[in-house]
Protein chains: 2
Amino acid sequence: MTSPTGPADTTPADASERAYTALLSRISAGEISAGERLFEQSLAEAIGVSRTPVRDALKRLAAEGLVDIHPHRGAQVVSFTPEDVTALYAMRAEFEPVAARLAVPEMTDTDVARLAELSARMERIVEEGADPGGLTTLNNEFHAVFVEGSGNRHLAIALQALFRPAVVTRTFRQYDPRALQRSMQHHAELVEAAAARDGEWAEAVMRAHILSARHATSPHRDPTEDATVRHA
Amino acid sequence: MTSPTGPADTTPADASERAYTALLSRISAGEISAGERLFEQSLAEAIGVSRTPVRDALKRLAAEGLVDIHPHRGAQVVSFTPEDVTALYAMRAEFEPVAARLAVPEMTDTDVARLAELSARMERIVEEGADPGGLTTLNNEFHAVFVEGSGNRHLAIALQALFRPAVVTRTFRQYDPRALQRSMQHHAELVEAAAARDGEWAEAVMRAHILSARHATSPHRDPTEDATVRHA
DNA sequence: ATCTGCCAGATTGCATGCAACAACGCCCGA
DNA sequence: TCGGGCGTTGTTGCATGCAATCTGGCAGAT
């Protein structure tokens, strides 16, 4: 979709799309902290467009559950309580494996190739110890392939809405190396399952993937100070 | 002179909200046939607002999967192929029961009461042989309670996106009396399961509900079947 | 001193004007 | 007659101006 990500900011995309991607990347990169208020005017100036496309982008993000909009009071990034995160993982653990099972048999070879590519790129980043923030984007694309590969537009829309909020949690920042490694192995196994068009296999791996991620994120929030919460 | 809709149009809602509800009701009522193109200007005049809130509403509907928007080419109501409908039911059969299981234990008494009320109202409409079109709205609200009753905002957003498109199919029009009756019985049983806070029970009933609906709608596809509800 | 009411600043929501793009039909040439 | 290129028309997308609303602070009364 997004053409060669050139270094120059020559964005052939429309202003609305630009505003959306800009906001999405800033939110997922953590530049905008949760709960922070988003002002249309300043965002418009920062992105280089008018207020209208910014408004569109904010509404779109609100529809996806990434920002909250209160009438006449503006928008702010959603703030996740720990309970929210728990519930989110519970939902993903239920739904995303099913989505994978439904999608995998319908995937094209192109989809599988894209999965393999994304998986490889993520693995390279991990090996190089580069910024985990970039992982989040790739990971989202990876999961998006499962969703869009189903060839069902409505499944895609619904599940995007379900998985996008995970962006905000900036999962990988909190991963320890072992958990990160395991996550990458899951990705690789998912590629194989997809290549084999084995829905049940993909479902099982995906479930393990989500539950493992839940375990990796929830328990330790601050390793230096935390003596109370330990692996039970 | 701007509101020919009626004397009771106490519209405290903002223009954007009004545009959204107006479009949604027109689509669900079938006034706008699938595939029909939606012009911002004419819609704005018909609703009595400017183009801006209409644009907002269209984008919102697009995010929910009810309309398609092609850049610079406008919006049109999504057209469902029979395969789309099949896929949609397959997805609902997978996801909505799980959603019910997750939601029911978290429901408040108010939620249960609302379910009971909606169920009763639907049953009354069926008994009176009134317009099944009104059923669609109530049915959507009924299912929405399960989704919103989970107390999880993200679950709600995601599943709304999944279930809203069903609006377009205008399901009940095609139900024969026996299927309609059974659907109502399912609703009643769902109310009981919710009242008992029995998630597994609700899940099972919901699955039967969806699969039964799939069977009731898919078999006879009659393109020439028109509105003209036979109530007299 | 605390609380209530009001005023001012700021921000959102809506309306409208203008430019860009796409679809359609026409004219011209082969 | 048929195909290709081009102008025209209509619609969307974006920018900006204005009014309605909300927030915060200050003055005055109790």
Side-chain angles (χ1 to χ4, degrees), chain A residues 1-3 9-24 26-27 32-79, chain B residues 1-5 9-24 26-27 32-79:
Chain A
M1 326 291 169
T2 49
S3 47
D9 56 348
T10 47
T11 24
D14 286 343
S16 176
E17 188 68 19
R18 223 181 338 156
Y20 174 76
T21 52
L23 282 175
L24 183 61
R26 289 189 190 201
I27 291 175
I32 306 174
S33 49
E36 187 169 338
R37 192 161 164 200
L38 299 166
F39 296 100
E40 298 178 356
Q41 185 65 48
S42 48
L43 289 175
E45 291 170 1
I47 300 172
V49 297
S50 137
R51 273 181 54 215
T52 306
V54 172
R55 282 181 61 77
D56 286 350
L58 286 175
K59 291 226 171 192
R60 193 167 156 194
L61 290 168
E64 293 175 355
L66 283 177
V67 305
D68 278 339
I69 293 184
H70 297 87
H72 293 282
R73 285 197 295 171
Q76 59 182 30
V77 180
V78 293
S79 50
Chain B
M1 49 157 57
T2 54
S3 56
T5 44
D9 63 339
T10 48
T11 32
D14 287 343
S16 177
E17 188 68 20
R18 221 177 343 152
Y20 174 76
T21 52
L23 282 175
L24 183 62
R26 289 189 191 202
I27 292 175
I32 306 174
S33 49
E36 187 169 337
R37 192 160 163 201
L38 299 166
F39 296 101
E40 298 177 357
Q41 183 66 48
S42 47
L43 289 175
E45 291 171 1
I47 299 172
V49 297
S50 138
R51 273 180 53 212
T52 306
V54 172
R55 282 181 61 79
D56 287 349
L58 286 175
K59 292 225 173 193
R60 194 168 156 193
L61 290 168
E64 293 175 355
L66 282 177
V67 304
D68 278 338
I69 292 184
H70 297 86
H72 292 283
R73 285 197 297 170
Q76 58 182 29
V77 180
V78 293
S79 51

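Side-chain atoms are counted along with the backbone in the values below, which use heavy atoms only and exclude waters and symmetry mates.
Within the structure, salt bridge (charged side-chain N to carboxylate O under 4.0 Å, His left out) contacts touching residues 61-70 of chain A (residues at least two apart or in different chains) are E64(A)-R164(A), D68(A)-R153(B).
Atom-to-atom distance recorded for K59(B):NZ and I69(B):CD1 is 6.0 Å, nearest 0.5 angstrom. Between the CZ atom of R73(A) and the CZ atom of R37(A) there is a distance of 9.0 Å, given to the nearest 0.5 Å. Here E36(B) contributes atom CD and I27(B) contributes atom CD1; the two are 10.0 Å apart, rounded to the nearest 0.5 Å.
Axis deviation across the helix from dA1(C)-dT30(D) to dA30(C)-dT1(D) amounts to 10°, comparing end segments of five pairs, rounded to 10 degrees.
No side-chain donor-acceptor contact under 3.5 Å links E17(A) to the backbone of D14(A).
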> What string of B, S and - do you get for nucleotides 10-16 of chain D, 5' to 3', when a contact is any protein heavy atom under 4.0 Å?
Replying inline: -SBBSBB
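Tested against V67(B), the residues I32(B), L23(B), L61(B) include a single side-chain contact (heavy atoms from CB on, under 4.5 Å) partner, L61(B).
A pairwise comparison of heavy atoms in A34(A) and S79(A) identifies CB-CA, 4.0 Å as the closest pair.
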